[in-house]
Each structure stands twice: as structure tokens, then as C-alpha cells.
Amino acid sequence: MAGLIDEPILGTNDIIETREEAEIKDVLIDKVREEGGQGDREMAPPTGNSIHRSGSRPQLDLSKAAILGNSEERDPTILLPNQSDDISHLALDIGGSLIKLVYFSRHEDRKINDKRKNTVKERLGISNGNRRSYPILGGRLHFVKFETRKINECLDFISSKQLHRGGIDSHGWLSETPANCSAEIKATGGGAYKFADLFKEKLGVSLDKEDEMDCLVAGANFLLKAIRHEAFTHMEGHKKFVQIDHNDLFPYLLVNVGSGVSMIKVDGDGKFERVSGTNVGGGTYWGLGRLLTKCKSFDELLELSQRGDNRTIDMLVGDIYGGMDYGKIGLSASTIASSFGKAISEKKELEDYRPEDISLSLLRMISYNIGQISYLNALRFGLKRIFFGGFFIRGHAYTMDTISFAVHFWSKGEAQAMFLRHEGFLGALGAFMSYEKHGLDDLMVHHLVERFPMGAPYTGGKIHGPPLGDLNEKISWMEKFVLKGTEITAPVPMAPPGTTGLGGFEVPSSKGGTLRSDASALNVGVLHLVPTLEVFPLLADPKMYEPNTIDLSDHVELEYWFTVLSEHLPDLVDKAVASEGGTDDARRRGDAFARAFSAHLARLMEEPAAYGKLGLANLLELREECLREFHFVDAYRSIKQRENEASLAVLPDLLMELDSMTEETRLLTLIEGVLAANIFDWGSRACVDLYHKGTIIEIYRMSRNKMQRPWRVDDFDVFKERMQSSGDKKPRPHKRALLFVDNSGADIVLGMLPLARELLRRGTEVVLVANSLPALNDATAMELPDIVAEAAKHCDILRRAAEAGGLLVDAMINALDGSKENSSSVPLMVVENGCGSPCIDLRQVSSELAAAAKDADLIILEGMGRALHTNFNARFKCDALKI
Ligand SMILES: CC(C)(COP(=O)(O)O)[C@@H](O)C(=O)NCCC(=O)O
Ligand SMILES: [Mn+2]
């Protein structure tokens, strides 16, 4: 039958995928279970199912909604007293071979005492204005898959996580559905009918069935609009992410390759038509492959193909033309003239052919055919873009290259084949989208942050069994199974890329040895939904903006950073452990962190694009995320404190020295001072070595003296001209400067605060922009008010500005009284930047920062992470200084 929306039938135990940390151990537990010879539990056969098509769930009832606790808090908890316990957070796509789950979990409550918040909001005029109020948005979307034949594991998973009992509780979120209330879960795929009774019996839930095509299209549209690195091309082994412009997405052809293949012309949200299909799909590959090779699973068959050579079985143009090309019609000698064609002319039996060769020949035959038919349909409707999804693809290089080749070859490069990272989850995502008021439909790319939990590199996403419980279980898992995990992730030597070759559908130039045995397990992360994130409004061209300066697809660069980060790891672990009191528990967590992070590094060395397009910003953020995952809240806490104190002690001397200078000398000294103070950087070995050479002020002065111009990139004269002008007329001061600060200690106290003071003195409002979460020794927004308050004790300019900006306690009272006009100074304020990394991606910043940017006409970015590794090439709508 043509056009089945399903997956190839799979018989393997290793295809269940999840990206959530909690599930990591399960694959190994499952392996252990299976090694111990235990089979699967038998499942009760599904009984006759009543097919019903219930309507959508009730909408979110916002009547009498109230904010619980502090309404000024970020993502406040919203109490919905009239909301039934009926909020969506799980959707299923139950195919013939795989069950795909998409589920939502809310954020942990962030109860922090951030003194600045109220005044900052007032000063910057931040309201919740156009922000959304659906509480569902602050949370995480998880992607998990199970084998359909092991449906009991899926039921256990749902049950152990209580995913079927989602609702809103008195705190605004996910409570249990009362026993007398029958919950409904959105589901699509044939299994939504087949297994409806089983879900009712085992979990007491009804499956609310959604049309598969509707779901596929809704899922694809969501992914293409909301996920930055979702679509990619794959040609000759090269993966290239493509950013799709939302306004230029439609029309496109969606090709879903399951057991059979559906081709859908998509014209908009909910606007589509199934225009074609083919019955030669994933089921054909697996079915024929199983018969011809005796493989036990789809993945085994796929793996075999990686070691295959199809020339032994396919008839090539050269076989027909005596080794020559048929150049007149553009066919090289190595082009496949007839798949399996050699088998007719040779006196060989099935046993005489290598299963590897058969598998590859079959794979290429089917993939090529799909590519060709897709192209013809794209041609029929004048579509330039074709997106391929469905679990047949599995991120498999040969499959993608072959499809791409066919599309490229037949369209003469006019049409483009693209693949989707969440290829298998289109239906499940679409089912999730079909809940009313899920709050996801107008999510934008900048609201989503994808994170890769610790288990991703170990498992490649293959999970079985119940989820992990607490952190302790996670650590034990790391300890117990790390050896096994390391085997899985041991880096494979990189070979030059290239698979099929474009010049005529040729033999792959790199053989399977360069691919992981589980290369088919694409890593998709957990999607964190952060509704408060915004695009930095002062970016000159947000569409062209690329935060990363260095391209880590350059292997030399990647290796450099791999070495830097690996060498830094022991020292980081020591600091992290010490920051948590150096207890045994902290040490265990430290070891687990080191293993998890090393595994990520190894995985990325092996396949840099495994987690989407890789930039240095992602790599440095991954390290911080790993630390947080093992509950290291702030590894540099005490170091930061110590350095702040030491620097504050010498600040009065420095300010005196600066005040004794002429304006012109002072400006240069201040900039040299920022450069010198930025030397205090715990992320760099060379800098750490320097710390042994003297006191903070000595090192600062020594470094400042070394900052002789011209610098490697030196625009100081332009800056000076803007600030001071060479003529008589004093230039107009900037209205508001955003100072993106970096490290604690000397950097902020002796570098950036004196510069801020100079700007304030000239009548420019100053907003210090600092991290929301700790990263290395970076100062956070939470820490800055105390640092400024201390500095203000030694300096009137800072004191008055800090008061005016509501940073000092007295001023905060003033501000709350509404008497901010009393202040005689331009304000000094602090906003958080929305991230917890040494780098900054200005496409995703806090709403505070976005609000502060509205009146800003000067941006100062400081530090290696924010001004060099990221944003070095960024262009802004106003003056910008990168130091
Ligand atoms: C991690 C960092 C980006 C932090 O630097 P910062 O932004 O604090 O100036 C930096 O320490 C760094 O680039 N470290 C590696 C240096 C090296 O090449 O050895
Ligand atoms: Mn830093």
C-alpha cells in the first residue's frame, strides 16, 4: 500500500531515545537485563478498540487567575483556581515499530532574592505588556521513543513519571488528575487506535486521536519555525545547517519516510495536500533486507550497509560501457545503471554475496528512488525545498547523501533536499500542538534553548526502562556504567568527509568505519522554553547575526578547544568541589561532572554537528550546564568574593590616580585599565599562571603598562574623537551606555567600574549588564549591587548614580516611593543578560536587557567570551566598543 505513515518494522532493542538526563541509566540496565537473558514481558493483546474522535480538551481557564508570590519575579507561578486539571503535557505518536513521546515538564521554581528586580523594572519601564501569560510556557519539551513491541516499557515510563496525570495544581502546575476524572492524551499513528484499550486499562487514560497528516505537518511547521538548527543539508558527508526564514517557509514538500512514504505539499499552517507517495519505503528496505541478509534488526541492517560495496551487486554504467562513461547523457562509469543488475549476469547465489553489499545496494536503491520521486513531485508543483522526515532516515549519512544526490542530480541543483534533526518526532509534536492553549503556537526561535543532558553522549539516545530518580542515582549510574559508556563514546578517528560522491552516484569514499555504530541515533536535546527571552533590539541585522567568531567545523580549531577544555577540567573540578565544601558527596558529583563533560567533548570531536551547529559559545555553555546538572551552583563563589574584596581595597588609590590625570590621558588609561583588568581570567591557563607573580594591583599595573598601542585591532582614536572631539566643541554625551561586564574582582572593580564612572561623570546613564547565572568567575547581576555599594563608599559619583539607579538600599526605598526624580545624578543600573555562559548570544537575551537597550546609544562589550569569541563581528545600530 502506498504512503503508509509509519516506520520500518524494527526488531532491535536499542532504538528508544530520550534526551532527558533521567533516563540515561536505563539503556544499560536494559542491556544488563538482556545480557542476563531476561526477555521482554509479554503484553496483553489489545482487545477490540472503540475508535473515537473526541473533541479537543477544554481551554485554559484563566478566570480569577492570580500570581502566586512576587508578581515581579521572572516566570511567576500563576494560580488558576478555575482551571480543570486538564492541561496538556504528553502527546504520542504510536507507529508500527516505534512509539514517540513528546512531553512537557515545567521549570523548577526559581526562588531567588534578587534585590535589583523591582527597581530595575520600574526604571526601565518593563511591564508584562505583550508577554504571554500561559504558565505552560516556562518549561521543557522532552523527546523520547520506545519500540512499539515493548509498549509496556513505554507505559511504565509514562506511569513512573506520572505523565498521564498532568494538570494544574494549586501552585499553577502539573498536579495529579483526580481519580474520578478521566484524563485524555493526544495521540496519533495507527497505534492510537490499536492500543487505545491498553492505555485505558493500564493507565486509565483515553487516547484522543489526531489525524496523522495533520500532525506531521503541524510538527514540521513548528520545528521549522521554532528551532534554530533544525533543518540541514547533507551532501557528500557534509552536514550544513540551514536557517529557514519564517516568512519564506511555504510552500514546501514534506516527505515522510516511514514504512511507506508520503509526500505532502505544505502551503501554510493547517494548509496541505498529500500529493503523492510510494510504497517503496523503510518497510521495503527492512523487509527485503531481513530476507536477504538475515539481519535481526533495522539498525543492524543499516550498520551492515556502512561496510558494504554495492559495486559487487549493482550494475554500473561502466559495466555496460566497458569501463567508459556515457558522457553524452551525463552518466559517469560509476553511476548505477541498474540496482542489483549484476545479479542477473553472474552465476552466483544469494550466499555468494556479502550481506554488507546487499544492504548497501538496497539502501541506495530505495533512497535514490525516494529522492527521485520527491524531486518529480517538487517539480510538479514548482517547489524548491524538500524536507525529509521519518525514522527511516535516522541521521544516516548514506541515506541522506543518496537522497540528496538524487534531488540534486535530477533538479540540476535547482531543488534542495533538507533533513530535520527531530525527523522522527513530527507526528508526536503535531499531536502535542493539537492541544488547545498549549501556548506553543506562537513561540519564536529565541524562546527556545536546547540543552544536552549528561546522558546524551553515552547513550546516543537509546533508552529503556524506568527513569532515573534523583541526582544520587545519576551519579551512581555514572560510576557504575561509565566504562561501558566510554566504550560507546570512544572517539573514532575522523576521516575526510564524503560518502556517495556527487559525480555520478559513486561508491562511498569513506567507509562505515568512520561512523559510529549508533550513528543513526541523532542527538536531539531537551528544549527549554523561556518565554522572557528576546532578540537584542540593537542588533543591526538580526537575521545575519552569527554570535560565534570561530568556526568549530574547522577541525584544527575544534582540537585546540578540546585540549584547552580538557586540560582545564581537573582544576575546574577542584574548584567546583571546594565550592561545595569539599565533601565526599561534592567529590562524587565532581567526578561525575568531569566524566559527563569529557564524554560530551569526545562525542563532539567525533561529530561536531551532533548537537546542531557547534560554536565555541555552545561548547563553553555546555560546560556550565554540566556543572549545574551536577548541582554545582557557583564553582568560583569564594574566589570571586576574595578577589572582589582585594580589588575593592585598592580601588580608592586607583580612582585617585585617575582623577589626577588630564581627561585625554584618563580615557586612554581607563581603556588600558579594562584590558589589563580583564587579564584576571580563570578560564585561561596563561592568566592563572600570572596570578602567582604578584598582588592584584601589581599585576594590574604591570599589565596596564604593557598595553602599548597600537593594539592588534585599535580603534581608540575613533572612540576618543567621539568622546572628546579634537576641536573646541564638546561632543554630546551618549544618553545611555550598556556595559556588558565580565569577570569578578579586578576586572569589574578596577576595569569596568572606573570606566562606568567616567561615563556617568559625562552625563551618560550606565547600565551594567551581567550574567543571570554564574559562569567561571564572571560577575552575576545578583552580585553587582553589593560590589557597586562597596565601591560607592569610596566614590561620590558612583554613590549618587547608584542611588539614582536604585542600586543602594536607600535609593531603592526612594524608587519605590516614586521619588526617583529627587536624585541629582544620571543613574547607574544593573540588568541581567539572560544567560549563564562566558559568551553571549544576542539573539536570546533577557527582557530586562531588551528594555534597557531601547534608550541606549552606546554598547561596550568586554572580555574574551563576549567580545572576541562571540560578537567580534556583530554589528549594532548604535556606537559599540569591543574591548
Ligand atoms: C573561557 C574564556 C572565554 C573566558 O574569558 P573571559 O570572557 O572571561 O575574558 C577564556 O578564558 C578563554 O578563552 N579561555 C581559553 C584561553 C586559551 O586559549 O587558553
Ligand atoms: Mn569571564
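Counting starts at 1 for both ligands and their atoms, following the listed order. Computation of the quantities below employed the complete heavy-atom set of this structure, encompassing side-chain atoms and omitting hydrogens, waters and symmetry-equivalent molecules. Numbers here are sequence positions counted from 1.
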Asker: Would you say M864 has any N or O atom under 3.5 Å from an N or O of ligand 1, going by distance alone?
Answerer: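 M864 vs ligand 1: N/O contact under 3.5 Å present.
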Asker: For F680, which part has a heavy atom under 4.0 Å from ligand 1: side chain, backbone, both, or neither?
Answerer: neither
Asker: Answer side chain, backbone, both or neither: which part of N777 comes under 4.0 Å from ligand 1, heavy atoms only.
Answerer: neither
Asker: So which protein heavy atom does atom 5 (O) of ligand 1 come closest to, and at what separation?
Answerer: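 Scanning the protein heavy atoms, the shortest distance from atom 5 (O) of ligand 1 goes to D681 OD2, 3.3 Å.
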Asker: Quick check on contacts: which atoms of ligand 1 are under 4.0 angstrom from a heavy atom of H869?
Answerer: 3 (C), 12 (C), 13 (O)
Asker: The Mn ion (ligand 2) and D778: any N/O/S contact shorter than 2.8 Å?
Answerer: yes
Asker: Taking non-hydrogen atoms only, is D747 closer than 4.0 angstrom to ligand 1 via side chain, backbone, both or neither?
Answerer: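 For D747, no heavy atom sits under 4.0 Å from ligand 1.
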Asker: Decide whether an N or O pair under 3.5 Å exists between G865 and ligand 1.
Answerer: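 So ligand 1 has an N or O lying under 3.5 Å from an N or O of G865.
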Asker: Is the Mn ion (ligand 2) less than 2.8 Å from at least one N/O/S atom of N743?
Answerer: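 So N743 does bind the Mn ion (ligand 2) by this criterion.
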Asker: Has ligand 1 got any nitrogen or oxygen that is less than 3.5 angstrom from a nitrogen or oxygen of R623?
Answerer: no
Asker: Give a yes/no answer: is there an N/O/S atom of D742 under 2.8 Å from the Mn ion (ligand 2)?
Answerer: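 Yes - counting backbone and side chain alike, D742 has an N, O or S atom under 2.8 Å.
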Asker: Please confirm whether the ring centroid of H229 lies under 6.0 Å from the ring centroid of Y611.
Answerer: no
Asker: Just to confirm my output: which protein heavy-atom neighbour is closest to atom 6 (P) of ligand 1, and how far is it?
Answerer: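 Answer for atom 6 (P) of ligand 1: D742 OD2, 3.1 Å.
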